[in-house]
Amino acid sequence: MTKRALISGIGGQDSSYLAELLLDKGYTVYGFARRTAHYNLQNVQHLLSNERFHILYGDVTDMSSIINAIETAEPDEFYNLAAMSFVGQSWNQPIQTTNSVAVGNLNCLEALRITRKTDCRFYFAGSSEQFGKVRAIPQTEETSFYPRSPYGVAKVYGFEITRNFRESYNMFASSGILYNHESERRAPEFVTRKITLGVARIALGINDKIVLGNLDAKRDWTHAEDMVRGMWLILQHQEPDDFILASGTVHSVKDFLSHAFKVVGIDDWAPYVEQDQKHMRPAEVDFLLGDASKAQKLLNWKPEISFETMVQRMVESDIAALKAGRADNVTRL
Ligand code: F7E
């Protein structure tokens with residue numbers, strides 16, 4: 001029988017790749033989307049004509065809408081990917097962040113329990129931001145949490161409540177603790193896409209600089225396509241569990257700049273980059289590096305797209321989009 005999946009946050013980067021993956025595997029996919037004043041389904045536009053792909057409107061902060069979605073979709077798997085995901089913004093709207101990330105996840109779990117769909121497999125999108133201040137290098141599933149932002153604090157709650165539902169109600173509720181993951185579909189607020197769009201604009205003579213914050217921050221970056229395969233594998237495992245998904249390599253923002261400028265033939269990028277205090281965070285996470293050996297061993301998961309290929313794909317895609325006049329969502333830098 002065809003499997004059915006419900007994906008919340010369907011307008012986002014990860015959910016669009018996950019929906020593609022599940023449709024390829026023969027699933028019927030229900031995307032749970034928030035209604036916003038501006039159209040927010042560009043990332044899944046190409047899937048809307050697929051007869052196995054459906055959009056249901058609602059919000060994870062509104063439990064009645066989740067219950068309706070569960071009753072319509074009757075999912076075998078529920079991926080909760082809905083959240084305010086921009087760490088920097090979480091200081092400006094800590095309550096909305098907590099409502100969408102933490103309470104939103106509790107609402108999803110409660111909705112499954114109330115509708116007696118406790119046999120539905122549930123995925124929570126955990127984050128390396130839960131580790132925050134480094135306690136161990138690299139971080140494993142055993143490393144303790146010390147989040148450094150309202151976003152990170154809310155993710156810790158989401159992670160712990162998922163484990164609690166697993167242990168309290170015997171639900172198949174699992175979390176991936178995902179390190180940074182990027183792609184051509186990444187929103188332009190995030191540092192990687194901000195850089196690749198900036199480089200594309202410089203290469204085409206549209207702009208002459210990129211304005212950033214902390215260039216010394218180090219992250220473990222993976223392509224989002226690799227990550228969604230990991231999410232799916234987490235829900236196919238014989239038992240519910242928590243897994244780190246990461247590349248196991250670390251690069252600084254400066255390294256990212258250097259690779260991105262190299263794609264357009266610029267070796268000395270310093271004259272094109274300025275720093276501005278307004279992009280610095282009240283509390284920074286300086287260094288994150290994940291150890292995904294548990295996922296490799298138990299799920300046979302490892303990333304296939306290298307850091308260099310990912311950066312190249314992003315820069316080339318932004319150049320092509322600008323040349324084609326598809327400069328939408330480029331203005332919020
Ligand atoms: O920042 C520094 C910034 O906003 C990366 C989200 O997907 O991954 C992401 O969180 C680093 C930080 O991602 C700018 O200070 C410098 O150190 O791209 P980001 P993030 O905060 O690491 C985790 C795993 C998630 O769960 C999140 O949802 O880059 N940085 N200059 C800057 N960052 C931004 N955004 N803009 C700058 O101008």
Side-chain angles (χ1 to χ4, degrees), residues 9 12-15 17 80-93 97-98 100-102 104-105 124-134 139 145 147-159 175-183 185-199 207 209-224 226-228 230-231 244-247 250-258 260 269 272-290 292 307 310-311 314 332-333:
Q13 163 190 262
D14 294 1
S15 28
Y17 286 116
N80 178 23
L81 309 189
M84 201 301 289
S85 63
F86 184 28
V87 175
Q89 182 63 15
S90 73
W91 278 275
N92 299 329
Q93 39 186 94
T97 302
T98 307
S100 68
V101 175
N105 195 56
F124 171 65
S127 164
S128 52
E129 283 295 303
Q130 291 165 215
F131 294 120
K133 191 167 170 176
V134 167
Q139 298 86 51
F145 299 138
R148 297 263 290 162
S149 62
Y151 171 85
V153 173
K155 282 286 180 189
V156 171
Y157 177 86
F159 177 85
S175 294
I177 304 178
L178 269 58
Y179 283 63
N180 296 54
H181 45 289
E182 317 297 317
S183 75
R185 297 180 195 166
R186 187 59 144 152
E189 294 87 358
F190 297 93
V191 77
T192 55
R193 185 80 195 287
K194 188 170 167 183
I195 291 172
T196 62
L197 275 167
V199 167
N207 270 2
K209 62 174 192 264
I210 309 174
V211 183
L212 297 170
N214 176 15
L215 305 185
D216 295 314
K218 295 189 173 65
R219 290 289 186 275
D220 179 330
W221 275 295
T222 300
H223 197 285
D226 280 325
M227 289 302 208
V228 301
M231 294 177 190
I244 281 180
L245 300 183
S247 74
V250 72
H251 293 92
S252 64
V253 174
K254 281 182 183 156
D255 293 334
F256 198 102
L257 278 164
S258 161
W269 51 265
Y272 300 102
V273 176
E274 276 178 18
Q275 282 180 280
D276 190 318
Q277 196 59 34
K278 76 175 182 211
H279 296 301
M280 306 283 185
R281 296 175 180 179
E284 175 65 293
V285 171
D286 298 316
F287 184 103
L288 287 171
L289 175 63
F307 175 80
M310 178 184 78
V311 178
M314 290 174 71
R332 285 186 288 149
L333 306 183

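Ligands are counted one by one from 1 in listed order, and the atoms in each one are counted from 1 as well.
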Distance-only, no hydrogens or angles: does the Lys133 side chain make a donor-acceptor pair with backbone N or O of Asp286 under 3.5 Å?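 Between the backbone of Asp286 and the side chain of Lys133 there is no qualifying donor-acceptor contact (under 3.5 Å).
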Are the side chain of Gln275 and the backbone N or O of Gly213 linked by a donor-acceptor pair below 3.5 Å?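 Indeed, once roles are kept as given, a pair shorter than 3.5 Å links the two residues.
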To check you understand the geometry: which heavy-atom pair defines the closest contact between Pro188 and Leu197, and what is its length?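 In terms of heavy atoms, the two residues are closest at CB-CD1, 3.7 Å.
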Check each N or O atom of ligand 1 against all protein N or O atoms and list the pairs under 3.5 Å, with atom names and distances to 0.1 Å, one per line.
from	atom 1	to	atom 2	distance (Å)
ligand 1	4 (O)	Arg281	NH2	2.8
ligand 1	7 (O)	Arg186	NH2	2.8
ligand 1	8 (O)	Asn180	ND2	3.2
ligand 1	15 (O)	Glu284	OE2	2.6
ligand 1	17 (O)	Arg219	NH2	3.1
ligand 1	17 (O)	Glu284	OE1	3.1
ligand 1	17 (O)	Glu284	OE2	2.9
ligand 1	18 (O)	Val191	N	2.9
ligand 1	21 (O)	Arg281	NH1	2.6
ligand 1	22 (O)	Asn180	ND2	2.8
ligand 1	22 (O)	Arg219	NE	2.8
ligand 1	26 (O)	Ser127	OG	2.7
ligand 1	26 (O)	Tyr151	OH	2.7
ligand 1	28 (O)	Ser85	O	2.6
ligand 1	28 (O)	Tyr151	OH	2.8
ligand 1	31 (N)	Gly213	N	2.8
ligand 1	35 (N)	Glu189	O	2.9
ligand 1	38 (O)	Lys194	NZ	2.7

Polar side chain donor-acceptor pair, Asp255 to Ser252, under 3.5 angstrom: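 Result is yes, a qualifying pair exists.
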What residues form a ring-ring contact (aromatic ring centres under 6.0 Å, His included) with Phe256, not counting sequence neighbours?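 In terms of ring-ring contact (aromatic ring centres under 6.0 Å, His included), with neighbours along the sequence ignored, Phe256 is linked to Trp221, Phe307.
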Qualifying residue for side chain to side chain donor-acceptor pair (under 3.5 Å) with His181, from Thr222, Asp220, Asp14: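 Among Thr222, Asp220, Asp14, the one meeting side chain to side chain donor-acceptor pair (under 3.5 Å) with His181 is Asp14.
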